[in-house]
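Letters go in sequence order (proteins before strands), and every chain restarts at 1.
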Number of protein chains: 4
Amino acid sequence: MQEGAQVVVEVQGAMSPQQLIGTLVKAGELTDPASPRGRLLNAAARLFEQKGFSRTTVRDLAAEVGILSGSIFHHFSSKEQILCEVMKEVTIFASARMRSAVEQAASPQERLRACIQSELEAIHERAVPGFSILVMEWRSLSDKSQKEVLLLRDEYEQIWLDAINSARCPGGDATVVRRLMVGALSHTYSWFKARENGLTIPELADRAYQIFAPKS
Amino acid sequence: MQEGAQVVVEVQGAMSPQQLIGTLVKAGELTDPASPRGRLLNAAARLFEQKGFSRTTVRDLAAEVGILSGSIFHHFSSKEQILCEVMKEVTIFASARMRSAVEQAASPQERLRACIQSELEAIHERAVPGFSILVMEWRSLSDKSQKEVLLLRDEYEQIWLDAINSARCPGGDATVVRRLMVGALSHTYSWFKARENGLTIPELADRAYQIFAPKS
Amino acid sequence: MQEGAQVVVEVQGAMSPQQLIGTLVKAGELTDPASPRGRLLNAAARLFEQKGFSRTTVRDLAAEVGILSGSIFHHFSSKEQILCEVMKEVTIFASARMRSAVEQAASPQERLRACIQSELEAIHERAVPGFSILVMEWRSLSDKSQKEVLLLRDEYEQIWLDAINSARCPGGDATVVRRLMVGALSHTYSWFKARENGLTIPELADRAYQIFAPKS
Amino acid sequence: MQEGAQVVVEVQGAMSPQQLIGTLVKAGELTDPASPRGRLLNAAARLFEQKGFSRTTVRDLAAEVGILSGSIFHHFSSKEQILCEVMKEVTIFASARMRSAVEQAASPQERLRACIQSELEAIHERAVPGFSILVMEWRSLSDKSQKEVLLLRDEYEQIWLDAINSARCPGGDATVVRRLMVGALSHTYSWFKARENGLTIPELADRAYQIFAPKS
DNA sequence: GATGAATGAGCTTTCATTCAT
DNA sequence: CATGAATGAAAGCTCATTCAT
């Protein structure tokens, strides 16, 4: 099933976020967003991103999906577990999305460009919201949960490191460059609003690429 | 390029953080860090940075300076006001620090380099902790407080925009570049530890400079 | 004159306080006193009357009905809302009670007499305690809550004004007379104890009637 | 000195409130309203009347007279003692005022009329505010303080009982009549505003007199 | 006498979590 | 599975009172 999923992902690089989610759901890697659990995770992602983890109450969450707060604990054992699951699903989705984007890129430069745009899309798309949570709410996670997420996260980061290395970006070793980049990109959540800034996501990706790309 | 950086560091040594604070205190722009209010603000900056605003209780804060929780409200009218005051003082200090660093830089490139290093020092120095709070806890501030801080913040950002513009950085208009930079630099708080990464702040500033500086 | 009073008492006996409450509960106008919310409201009425609103803590209230203080906020959003709800329910109950008493009175004089006795019973009966709160704790209510209660209160006061007008009481316009009466009657809560004063409520109502009734 | 005071009071029946206060201050029966203690008592009377005892903080009180809250305790040992002293001074002032008013009345009816007007003036005059506190905040007083005030109060009430008895008011024994009256009159504080109701204090006294006076 | 800092008990309220129905 | 009532710990905050200066 894992393999099946990867095959599908590879073949359909031009899939819409909705299609990609559908594929990953069928592969058992993501929770069905139509299920109670899935609706809860989506609502959580949205609220944690908007208001922050600790300013979001389980009552807010329950209200958002139209149940009572007590019922949440039939699906998750704690509020923190919800955060953890959100982060895992977001990571899985972002990984799949980025892998498919990178695979379609021809040159190292294009690969880097694809990574940047893919991450920005993950941050700002409505499809599976919550990417900025990975950065902003990292400290809200227990050590145990952090480890769980890091396991999935490593895979995602490896794609980045490869892209940065092969594109020969300035700024020294790829780890440091990537860390500066993750800060820059995730912070866009706080200020970039597609409608207001007169800037589209691809345009924003261009700007970031101009900065981080190798000097020609 | 490394040399340019080192020059800045030496020159800037003209006034230590402690001295600068002393000057600002005498000018009535900062609270005396030895006063009860000042000790509270410093402790708040430290704790808000370490644990986050909402995970820090007023009891934590009180314990940190050796008083009882009720006594805090002699000096501040609410927990949120403490955050606001911390942000204002941090901004004032960071502005003064950066202005003096920029003034001693000879070229546009050196000015940009000075800005980067100055902000990194603000983030990681112990002198006036709390710079990363400005980014990380922005949403914990009420609209009213945000406006108060923004008034001071504008001044600080203007120095940056001037530096970015005159250095002719890539990435389009200076506002967007600065926003990407803010994210990149403030996020270093989460991962950069001078002792562990085998990287000093000037070295880290160099890396960032290599990325954001104009392509030669 | 004593006889007139006794007739009213006998006739009014047609419905006991308990029965009237039952009817109002079924009609959805009062909270069921057996429900958690109803038990809380009754306890609040008792305590606010005995100790005053601000000297009654939500912990007192919770202890009185055998729950913990936090649980109160499942039923009410604030302590002040409890006061508001108590006042509304007391007003509704007192209105219904007085209306039925007045309807059974034959003459204008008997109607006034019935009003006086009905209000005294509302003040001193155990059935729905809390009438004196309406006067004594009025200032503890926010402006918004005051308006809510006044809406219900107007109806109650209209019955009084009609009775005063048709009985041709001395003392000028009915509004002023009623206000003097409200003060006189509600203050009895502070000094009248049926067992101690050697005076029953109907007897006390007689005394008040002798004072406020038209001079023959 | 006690005698001297009484002589003065007798002789100058037409004294203004200010003059009467001056006399009582000289006789050592009231605190000089210009002294810090006196200003505190006046402010307390005003605030307790406006907002209620428990809703008035010692900080409010201090702010009202322009000192800091800690300084209050150089003049009074507790907040409750302030209330007690206010009540005592108000009682002394109201007694002196009513005694002089009653002495100038020719008939029993006029004496009753004088009592009513005198009490209304005590309630609504600005000179020594706080009469309504005697009724409204009685429960805020400790048992010990209640006894102290009652000692002075008895004298005041005796004047009333004599007036009621000699005027042959309806409503049974004078104690009950007086109690109904004190409720009616003190409650006027809550609704009577000289400027708004189109009713002066003497006119209001007339209305009350028409109600409580003997039926002709 | 006043100040300002601190106390400490107690307040109302919040909230993740539990559990009988 | 969902409900709704309750829990209980802990939160932010209030306030009368104390006391060294």
- Message: Looking at A:E89 and A:T31, would you say the former's side chain and the latter's main chain have a donor-acceptor pair under 3.5 Å?
- Response: yes
- Atom-pair distance (CD1 on C:I67; P on E:dT12), nearest Å: 14 Å
- The side chain of C:P36 lies closest to which of these nucleotides: E:dA6, F:dA5, F:dT7? F:dA5
- Can you check the C:L83 CG to E:dT12 C1' distance for me, whole Å? 15 Å
- Under 3.5 Å, is there a donor-acceptor pair linking the side chains of A:R139 and B:S190? no
- Message: If I take atom OG1 from residue A:T56 and atom CD from residue A:Q50, how far apart are they, to the nearest 0.5 angstrom?
- Response: 8.0 Å
- Message: Please confirm whether the shortest side-chain N or O distance from B:H75 to OP1 or OP2 of E:dG4 is below 4.0 Å.
- Response: no
- Counting N and O atoms only, with roles assigned by atom type, does the side chain of C:D60 sit under 3.5 Å from a partner on the main chain of C:T57, one being a donor and the other an acceptor? yes
- What is the per-nucleotide protein-contact pattern of nucleotides 13-21 of chain E, from the 5' end, where B denotes a base atom under 4.0 Å from a protein heavy atom, S denotes such proximity for sugar-phosphate atoms only, and - denotes neither? BBBSBB---
- Using a cut-off of 4.0 Å on non-hydrogen atoms, how would the nucleic acid contact of D:L68 be classed: base, sugar-phosphate, or nothing? base
- Task: Return the value, rounded to whole Å, for the distance between atom NZ of C:K51 and atom P of E:dG10.
- Result: 13 Å
- Query: Over how many whole Å does the gap from C:D60 atom CG to E:dC11 atom C1' extend?
  - Reply: 11 Å
- Query: Can you list the residues that meet the salt bridge (charged side-chain N to carboxylate O under 4.0 Å, His left out) rule with A:E148, with sequence neighbours excluded?
  - Reply: A:K88, A:K144
- Message: So, applying ring-ring contact (aromatic ring centres under 6.0 Å, His included) with A:F48, which one of A:Y189, A:W138, A:F53, A:F131 is it?
- Response: A:F53
- Anything below 3.5 Å on both distances counts as a pair; with that, list the stems of at least three consecutive Watson-Crick or G-U pairs involving DNA chain E. E:2-21 with F:2-21
- Task: With side-chain contact (heavy atoms from CB on, under 4.5 Å) as the test, would you mind laying out the steps for C:I133 and C:V86 before giving the verdict?
- Result: CA-CA 9 Å; C:I133 297 173; C:V86 166; 4.2 Å; yes
- Task: Starting from P on F:dA16, measure out to CG on D:L47 and report it in whole angstrom.
- Result: 12 Å
- Any sub-3.5 Å donor-acceptor pair from A:E29's side-chain atoms to A:I92's backbone N or O? no
- Query: Can you list the steps and then say if A:R153 with A:L134 is a side-chain contact (heavy atoms from CB on, under 4.5 Å)?
  - Reply: CA-CA 10 Å; A:R153 174 103 196 183; A:L134 284 168; 3.4 Å; yes
- How many Å lie between CD1 on B:I72 and C1' on E:dA6, as a whole number? 12 Å
- Task: Rounded off to whole Å, could you give me the CZ-to-P distance for the C:R37 and F:dA6 pair?
- Result: 13 Å
